[in-house]
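Note sheet for the following structure.
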Amino acid sequence: MKTTCYKINEFFETIQGEGSFTGQPSIFIRLQGCPVGCSWCDTKHTWDINLDDSVSTEIMASKNEETTQWANMSVEQILAWVKTKGYQAKHIVITGGEPCMVDLTPLCEGFEVQGYSCQVETSGTFEIQVTDKCWVTVSPKINMKGGYKILRSALDRANEIKHPVATEHHVEELTNLLAEHEVTDTPIYLQPISQKQRATELAIETCIKNNWRLSIQVHKYIGIE
Ligand code: SF4
């Protein structure tokens with residue numbers, strides 16, 4: 001039987017600072033690879049998958065700065081590594097990069113069997129392959145340089161939609177996307193980009209007007225990863 005492996009850029013344990021799970025102790029698993037091309041992306045080091053950057057788990061996990069290095073790990077190796085680290089959180093956040101470029105079902109199953117809950121954070125531009133129980137956060141990256149479209153199937157699967165906003169244009173983009181795909185019941189979170197005052201005010205005004213929710217990236221206010 002073929003073993004599923006994942007290209008891991010980093011693991012870390014912290015408090016989830018965004019969306020419905022804000023405040024939840026979580027183990028983040030960051031996958032390497034993303035072709036979406038958001039100009040303001042704060043994880044550009046995860047974009048390219050270069051074979052020259054493939055390293056051992058130990059080297060990947062001992063990084064103390066953001067680098068393009070990644071380790072190819074099976075589900076069993078990932079589970080064992082999380083145990084070895086002694087992490088206490090029981091919530092897994094699979095992020096990237098764009099984690100939905102690969103089938104995440106085996107990874108979710110591996111954790112869920114061991115009593116963890118799973119969440120995936122995705123741009124909505126790839127088919128989402130996860131377990132039924134997995135919580136899906138779609139942060140739709142609309143009209144980005146890579147030219148990927150937001151998939152209806154991703155919006156249909158979303159348990160929450162989280163959208164970064166800095167200007168009215170971002171609000172309009174989201175409003176048009178929701179109308180086009182007839183999204184009505186999914187909780188919507190607006191997230192001010194870069195904690196800027198104008199962005200925060202705009203997000204607050206828009207949330208109140210539309211009965212949406214505010215996500216303020218609490219980890220950035222309390223100075224944790
Ligand atoms: Fe960065 Fe995420 Fe956009 Fe990819 S989808 S470019 S990782 S913000």
Side-chain angles (χ1 to χ4, degrees), residues 6-12 14 16-22 26-50 53 60 63 65-71 92-104 107 118-130 134-167 169-171 173-174 176-178 181 183 186 188-196 199 203 215-220 225:
Y6 296 94
K7 295 176 174 55
I8 310 294
N9 179 283
E10 66 174 333
F11 294 108
F12 57 96
T14 187
Q16 170 61 290
E18 304 180 359
S20 300
F21 280 92
T22 295
S26 304
I27 300 163
F28 278 71
I29 302 178
R30 189 181 301 291
L31 270 58
Q32 188 74 20
C34 180
V36 177
C38 309
S39 56
W40 40 263
C41 176
D42 58 5
T43 54
K44 287 183 176 159
H45 60 288
T46 66
W47 286 10
D48 297 327
I49 300 176
N50 292 318
D53 287 329
M60 178 275 294
K63 295 191 282 191
E65 57 180 3
E66 292 174 349
T67 79
T68 53
Q69 292 176 323
W70 51 272
I92 304 293
V93 180
I94 305 167
T95 189
E98 172 42 74
C100 290
M101 289 169 70
V102 295
D103 183 357
L104 299 170
L107 186 57
C118 291
Q119 174 181 7
V120 63
E121 298 182 332
T122 174
S123 62
T125 55
F126 286 82
E127 288 297 336
I128 299 170
Q129 302 172 77
V130 294
C134 179
W135 181 271
V136 174
T137 303
V138 172
S139 183
K141 303 301 189 306
I142 305 164
N143 294 330
M144 294 301 165
K145 211 168 56 192
Y148 288 83
K149 296 273 173 242
I150 308 301
L151 303 182
R152 174 179 282 265
S153 62
L155 294 171
D156 287 346
R157 178 61 183 80
N159 296 101
E160 63 182 359
I161 293 172
K162 191 178 65 183
H163 195 58
V165 286
T167 65
H169 174 68
H170 298 132
V171 176
E173 275 181 338
L174 177 64
N176 292 341
L177 182 79
L178 298 177
H181 293 284
V183 178
T186 314
I188 310 291
Y189 285 84
L190 289 191
Q191 194 158 280
I193 293 178
S194 305
Q195 293 75 53
K196 296 220 168 76
S215 174
I216 58 160
Q217 296 186 291
V218 293
H219 54 295
K220 295 198 176 169
E225 190 170 8

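Both ligands and their constituent atoms are indexed starting at 1 by order of listing. Throughout, residue positions are numbered sequentially from 1 according to the sequence presented.
Within the model, atoms CG of Asp53 and CG of Asp48 stand 8.5 Å from one another, a figure rounded to the nearest 0.5 Å. To the nearest 0.5 Å, atoms CD1 (Ile8) and CG (Leu31) are separated by 4.5 Å.
Listed by chain and residue number, Trp135, Val136, Arg157 satisfy the side-chain contact (heavy atoms from CB on, under 4.5 Å) test with Asn159 (two or more places apart in sequence, or in another chain).
The side chain to side chain contact (heavy atoms under 4.5 Å, CB included) test with Thr46 is passed by exactly one of Asp42, Ile49, Thr43: Thr43. Each of Ser215, Ser139, Ser20 was checked for a side chain to side chain donor-acceptor pair (under 3.5 Å) with Glu160, and the lone residue meeting it is Ser20.
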Does the side-chain contact (heavy atoms from CB on, under 4.5 Å) test come out yes or no for Ile161 and Leu177, once each step is laid out? CA-CA 11 Å; Ile161 293 172; Leu177 182 79; over 6 Å; no

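If you look at atom 4 (Fe) of ligand 1, the protein N, O or S atoms less than 2.8 Å from it are Cys34 SG.
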